[in-house]
Amino acid sequence: MGESATSRDFIRMIIDEDLRTGKNDGRVMTRFPPEPNGYLHIGHAKSICLNFGIARDYAGLCNLRFDDTNPAKEDVEYVDAIKEDVHWLGFDWGDREYFASDYFERLYAFAVQLIRQGNAYVDSLTPEEIREHRGTLTEPGRESPYRERSMEENLDLFERMRNGEFEDGAHVLRAKIDMTSGNINMRDPTIYRIRRLDHHRTGNKWFIYPMYDFAHALSDMIEGITHSVCTLEFEDHRPLYDWFLDTLRTPCHPQQIEFARLNLSYTVMSKRKLLQLVEEGFVRGWDDPRMPTISGLRRRGYTPEAIRDFCDRIGVAKKESLVDVALLEHCLREDLNRRAPRFMAVLNPLKVVLLNYPEDQVEMLDAINNPEDPSAGTRKVPFSRVLYIEQEDFRENPPKQFFRLSPGREVRLRYGYLITCVDVVKDKTTGEVTELRCTYDPATRGGDTPDGRRVKGTLHWVSAPHALEAEVRMYERLLTVEDPSEETAGRSFKDFLSPESLKVLTHCRVEPGLADAVPGTRCQFERMGYFCVDPDSAPGKPVFNRTVTLRDTWAKIEKSLTREGTRN
RNA sequence: UGGGGCGUCGUCAAGCGGUAAGACACAGGUCUUUGGAACCUGCAUUCGGAGGUUCGAAUCCUCCCGCCCCAGCCA
């Protein structure tokens with residue numbers, strides 16, 4: 001059962017009640033029903049965690065079912081990607097991998113039954129005429145002149161639709177319900193349309209394809225789903241869902257329950273918009289590390305554990321909400337902090353020469369792999385006379401509260417020595433600082449101070465002759481506004497794309513120990529953040545993606561300092 | 001002017017007639033060889049609003065206000 005500490009969501013409360021009253025013989029069965037027309041994103045992860053989580057908590061089962069009723073939009077590329085993503089997230093559907101298209105023959109038979117019962121008819125109005133007959137939100141619709149066709153004629157026409165005798169749009173099969181209903185979904189909804197198109201699974205076998213409402217309700221029923229969880233926008237489809245099952249007097253009747261889909265700040269989530277980002281080249285593909293897709297998050301370095309934790313924490317309710325992306329990042333950091341091995345990497349190198357360090361000496365110093373996990377052990381890091389430190393760790397004129405390196409000041413090199421800056425070398429023409437001359441204190445090997453003196457700053461570094469050159473891709477949020485759905489006055493989300501969402505650093509220097517890291521490897525670069533080896537890496541030439549920064553107290557201080565400065 | 005939903009802290013979210021959990025964010029502090037992590041403290045006299053019922057209401061009733069979804073032969 002679910003955790004006692006966290007209260008249960010309204011869906012689990014419904015299931016508790018169903019179990020208490022003995023509904024469904026105590027069986028709990030859910031399904032995750034993606035349409036294979038795009039890649040899964042973090043919003044789908046919420047649904048996946050919900051559906052598979054319910055099955056796990058109630059000792060039930062969750063099926064994976066592809067809702068592949070529209071061959072115009074679907075593709076096997078997507079079904080493969082979806083399977084990979086669900087597995088990667090940590091869920092397993094066993095052998096229960098289903099496709100709505102597997103049920104086409106049975107769905108057809110159900111449609112015939114509706115015709116025989118007088119509950120469906122073939123309509124030969126044009127799409128435009130159907131729209132005109134539908135009425136509006138405030139005015140009732142009008143019945144189609146074809147509504148009272150005889151059962152024989154309907155049967156004949158429907159069979160000929162199946163046989164491919166008509167062009168697209170010539171006829172549709174409609175449920176005969178109520179053209180005056182306040183719920184537009186009940187105004188004789190279309191249940192089959194002609195599509196002379198090959199389907200990615202059934203090939204050229206079918207000329208007609210069922211619509212979502214019909215196929216979904218019956219697929220749920222066929223699989224014996226007990227609780228059919230979907231998002232809010234299907235709320236007013238529920239009467240139709242129930243109508244199909246009631247009218248066809250099916251042996252079981254799943255219960256549709258709707259919850260609010262996930263919205264994340266600074267993120268677009270609709271498949272349509274994500275597709276646009278991909279197709280119009282704003283990102284490099286569905287798995288671009290800036291994308292909120294599962295494959296993008298994976299490539300970025302997210303862990304499935306962090307995503308699952310996030311989904312647990314956001315809860316499930318019917319209120320439409322905008323979740324702060326900071327929560328997702330928090331979950332990630334919490335997970336990575338525990339498990340990511342630490343390394344030193346200098347992203348923007350600044351050369352440091354230790355004047356009093358022997359010319360040819362190299363020492364192998366001990367470094368802790370993960371302070372959160374003693375079992376991770378230690379490693380050796382080479383130290384020599386010429387080093388690199390981070391450019392931002394030196395300031396010629398340090399602002400107050402800056403306690404990193406500056407002329408005359410002493411800092412610690414992590415696991416190394418205490419050094420003091422004695423000279424600054426600059427480029428004569430640009431004035432840019434190109435090198436620092438420092439002295440080191442031989443008594444402070446490892447970073448200890450035998451005399452007990454305190455140094456406020458500890459910097460990461462890398463030995464110049466030993467360092468490995470690497471490319472690091474720095475990501476920022478893709479969008480500049482919290483809620484890109486607030487498209488005002490003809491502005492689209494594309495107007496809010498951040499020009500700084502990707503910055504590539506090509507001459508970074510990392511510890512030599514990272515030379516053999518394989519793609520997907522996650523680590524922390526001390527003081528800089530968490531990073532993940534990208535598939536674009538070549539042997540000896542690694543490429544890293546910045547997964548997420550560390551919490552940066554200094555950045556906040558500096559920000560408030562500049563605010564103060566501009567105010568004065 | 002139709003139908004269906006939703007309104008509790010900046011953001012999520014518990015609460016189900018007995019006197020507002022928790023998380024993130026934010027602000028302070030302790031500690032620290034990552035300005036990381038960890039730890040401590042603070043953060044809704046009030047639940048969209050107004051009436052009403054009750055000894056007692058975020059929870060029940062009435063009215064009002066606001067927001068979201070629906071007029072695909074998409075899902």
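Keep in mind that this is a model prediction, so the values were computed, not measured. In what follows, chains carry the letters A, B, and so on, assigned in the order in which the sequence lines appear, proteins first and then strands, with residues in each chain numbered from 1.
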Classify the nucleic acid contact of [X] as base, sugar-phosphate or nothing, counting any heavy atom under 4.0 Å across all strands shown.
X        : answer
A:Arg174 : nothing
A:Arg454 : sugar-phosphate
A:Phe403 : base
A:Phe259 : nothing
A:Glu139 : nothing

Quick one: do the [X] and [Y] side chains pair a donor with an acceptor below 3.5 Å?
X        : Y        : answer
A:Tyr530 : A:Gln524 : yes
A:Glu363 : A:Tyr417 : yes
A:Arg477 : A:Ser265 : no
A:Tyr108 : A:Glu159 : no

Watson-Crick or G-U wobble partner of [N], both distances under 3.5 Å:
N     : value
B:A13 : none
B:G18 : B:C55
B:C63 : B:G49
B:A27 : B:U41

Q: Look at the side-chain N and O atoms of A:Arg527 and state whether any lies under 4.0 Å from the OP1 or OP2 oxygen of B:G35.
A: yes
Q.
With a 4.0 Å cutoff (strictly under), does any side-chain N or O of A:Lys319 reach OP1 or OP2 of B:A13?
A. yes
Q. Taking the six-membered ring where the residue is Trp, are the ring centres of A:His171 and A:Tyr146 under 6.0 Å apart?
A.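 Not close enough - the centres of the two rings lie 6.0 Å or further apart.
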**Q.** Proximity of A:Tyr209 and A:Tyr192 rings by center, below 6.0 Å
**A.**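 No, they do not, as the ring centres are separated by 6.0 Å or more.
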Q. Can you give one letter per nucleotide of nucleotides 69-75 of chain B, going 5' to 3': B for a protein heavy atom under 4.0 Å from the base, S for sugar-phosphate only, - for none?
A. BBBSBBB
Q: Using a 4.0 Å heavy-atom cut-off, write out nucleotides 22-27 of chain B from 5' to 3' as B (base contacted by protein), S (sugar-phosphate only) or - (no contact).
A: -SSSS-
Taking the [atom1] atom in each of [N] and [M], what is the distance between them to the nearest angstrom?
N     : M     : atom1 : value
B:C68 : B:G52 : P     : 32 Å
B:A38 : B:A50 : C1'   : 49 Å
B:G42 : B:G3  : P     : 50 Å
B:U1  : B:U53 : P     : 31 Å
B:C31 : B:C43 : C1'   : 23 Å
B:G15 : B:A75 : C1'   : 35 Å
B:C16 : B:G48 : P     : 16 Å
B:C47 : B:A57 : C1'   : 11 Å

Q. Quick one: does NZ or CZ of A:Arg174 land under 6.0 Å from the six-membered ring centre of A:Tyr121, within 45 degrees of the ring axis?
A.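 So A:Arg174 doesn't make the cation-pi contact.
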Q: Without swapping roles, check the side chain of A:Ser406 against the backbone of A:Arg409 for a donor-acceptor pair under 3.5 Å.
A: no
Q | A:Thr553 side-chain proximity, nearest of B:A13, B:U34, B:G35 | A | B:G35
Q) Once the angle between the rings of A:Tyr98 and A:Tyr103 is folded into 0 to 90°, is it parallel (under 30°), tilted (30 to 60°) or perpendicular (over 60°)? A) tilted
Q) Taking the inter-plane angle between the rings of A:His237 and A:Phe234 on a 0 to 90° scale, is it parallel (under 30°), tilted (30 to 60°) or perpendicular (over 60°)? A)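 Ring orientation of A:His237 relative to A:Phe234: perpendicular.
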Q: Spell out yes or no: do the side chain of A:Glu235 and the base of B:G3 have one donor N/O and one acceptor N/O closer than 3.5 Å?
A: no
**Q.** Derivation of the side-chain hydrogen bond (donor to acceptor under 3.5 Å, both in side chains) call for A:Arg412 and A:Thr444
**A.** CA-CA 9 Å; A:Arg412 170 168 34 235; A:Thr444 57; over 6 Å; no
Q) In terms of base orientation, is B:G72 syn or anti, with the syn window spanning 90° either side of 0? A)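 Because its glycosidic torsion lies within 90° of 0, B:G72 adopts the syn conformation.
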